[in-house]
Amino acid sequence: MDFNLKKLTSDAGVFFTRAVQFTEEKLGSAEKTELDAHLENLIARADCTKNWTEKIFRQTEVLLQPNPIDHTGARIEEFFYEKLDKKIPSRTTNGELLGQYMLDAAKDFGPGTPYGSTLITVGEYQSRLGGAEREFLQTSAINFLTPLRNFLEGDWRTISKERRLLENRRLDLDICKARVKKAKQAEAKAALWSEEVDKAEQELRVAQTEFDRQAEVTRLLLEGISSTHVNHLRCLHEFVEAQATYYAQCHQYMQELQKELSSANSDTYPNSFASNAKPSTSATCPSPVSSATLPGVSPPCLASSSTPGIAQEPSGQLKIQDVQQPSTGHRKAKVLYDYDAHDTSELSLLADELITVYTVPGMDPDWLVGERGNQKGKVPVTYLELLS
């Protein structure tokens, strides 16, 4: 008990002396030993590395997990697993949950209905997207977040500890310098102070040795920041590679989903639209699609019936410029995707624009006549959303 009390008293005295020295340095009434320029540069570089690594780490966490406090308690769960030193279990992503909800909804609505079958298709792809996201999160956490966390919680704590120790050694050194200076000033007044000067100089030499040793230890640790940069650079490449793989998978899944939905729409909307259109003749004879003209009515059928408002050529084919919009059977349509016309008989489209569409007797059911202002041409039905 006596030993602990003496140690506590000694530590308190050292702390108080250092506090006085630190305060006097701030007030400018005491001299301060400056570190060499190389060590100062290493310290500044280390501080910069720590600050930016911490910001990048936090923002990457936000990117990978935007809602830390959600219904799954994700971040809290991770905290307990880390403290228990156990592996964090794989967690269902929001995309997988959405996909499962869509599949469950399709069962209630009926998988044979258009809405139900589409829910099944979209739900399956949402589950795939969620699986790709989960793999991306796991890969990024292992290859990028973990090395950054290890630096902040391991290497940086060691560096900070040694830097605090170096600062204490510097304060002790400056305290000893001040004592030597005071002892020499007193020696000039009385010869009895010679022993005090020798004692102060001995303490100064010890303090200088400890300071130099600690400065070297700190310098070696700070020079290791270069290795940290190399390691983080490799981790950054792996993170970008994981991102590229993830987004490529998402792009592929979405393209496949769009194709499936477009195929399903082409089986539904063209036929329903064609059934609503009212041709002006009771008998028509379809002809193959031409690269320059709209398919028209063959000569034998033209002899028995005619289509009002459409100019015909002797060959039985129709010029796209001469097609007239019928008084009934035309509708508005929203363009879903950009489309470039392949020849002069077709009309180029821009996504999200509105055009007027209608059909003429004998047309291929996969095509309609589209009008935009004074422009006119054939347009594919699969690129359109027909509006009521």
Side-chain angles (χ1 to χ4, degrees), residues 98 102 105 109 113-123 125-126 129 250-251 253-281 284 286-297 307-312 317-388:
L98 176 59
M102 288 183 173
F109 295 144
T113 63
Y115 185 37
S117 61
T118 303
L119 277 173
I120 292 176
T121 302
V122 177
Y125 276 95
Q126 290 298 328
L129 290 170
C250 292
H251 180 67
Y253 290 151
M254 292 309 300
Q255 281 190 319
E256 293 174 0
L257 176 58
Q258 283 184 320
K259 288 180 181 179
E260 290 196 26
L261 294 181
S262 298
S263 176
N265 289 338
S266 64
D267 293 338
T268 304
Y269 290 106
N271 293 334
S272 62
F273 180 75
S275 63
N276 293 332
K278 297 179 180 179
S280 59
T281 61
T284 57
S287 61
V289 177
S290 170
S291 61
T293 60
L294 276 174
V297 186
T307 303
I310 301 180
Q312 301 171 0
Q317 294 179 327
L318 306 177
K319 284 187 175 181
I320 189 63
Q321 296 82 1
D322 298 332
V323 174
Q324 299 289 330
Q325 183 181 137
S327 58
T328 60
H330 57 83
R331 297 171 65 177
K332 289 290 186 181
K334 179 181 178 181
V335 180
L336 299 176
Y337 321 105
D338 292 345
Y339 177 75
D340 295 327
H342 295 85
D343 54 51
T344 56
S345 68
E346 297 180 1
L347 179 66
S348 295
L349 303 174
L350 294 175
D352 297 328
E353 70 173 335
L354 294 178
I355 62 173
T356 301
V357 294
Y358 53 89
T359 187
V360 295
M363 282 192 66
D364 188 320
D366 291 335
W367 294 80
L368 296 171
V369 179
E371 288 189 5
R372 180 179 57 236
N374 59 356
Q375 295 179 323
K376 184 187 306 181
K378 295 183 301 179
V379 293
V381 177
T382 54
Y383 280 68
L384 304 174
E385 177 185 352
L386 301 178
L387 306 176
S388 58

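Just so we're clear, the structure is a prediction, and the values are computed from it rather than from any experiment.
Applying the side-chain contact (heavy atoms from CB on, under 4.5 Å) rule to Glu256 yields the partners Tyr125, Arg128, Gln252, Tyr253; only residues at least two apart in sequence or on another chain are considered. Every residue meeting the side-chain hydrogen bond (donor to acceptor under 3.5 Å, both in side chains) condition with Thr356, not counting sequence neighbours, appears here in chain and number order: Lys332. Not counting sequence neighbours, the partners of Glu353 by the side-chain hydrogen bond (donor to acceptor under 3.5 Å, both in side chains) test are Arg372. For Tyr339, the side-chain hydrogen bond (donor to acceptor under 3.5 Å, both in side chains) test picks out His342, Glu346, with sequence neighbours left out. Under the side-chain contact (heavy atoms from CB on, under 4.5 Å) criterion, Ala105 pairs with Phe109, Leu119, not counting sequence neighbours.
Note that CH2 of Trp367 is 13.0 Å distant from OG1 of Thr359, once rounded to the nearest 0.5 Å. With rounding to the nearest 0.5 Å, the separation of OG1 in Thr121 from CD in Gln126 is 11.5 Å.
Between Ile355 and Leu384, some side-chain heavy-atom pair lies under the 4.5 Å cut-off. Residues Val335 and Val379 form no side-chain contact, since every pair of their non-hydrogen atoms from C-beta on lies 4.5 Å or further apart. Side-chain atoms of Thr382 and Asp366, non-hydrogen and from C-beta on, never get closer than 4.5 Å to each other. Side-chain contact between Leu98 and Leu129 is absent, with no heavy-atom pair separated by less than 4.5 Å.
Nearest heavy atom pair, residue Val369 against residue Met363, reads CG2-SD, 3.6 Å. Closest of all the heavy-atom pairs between Ser348 and Ala341 is OG-N, 3.0 Å. For the residue pair Met102 and Val122, the shortest heavy atom distance occurs at SD-CG1, 3.6 Å. Leu347 approaches Gly370 most closely through the heavy-atom pair CD2-O, 3.6 Å.
Panel note: side chain Ser263, backbone Lys259; no donor-acceptor pair is recorded below 3.5 Å.
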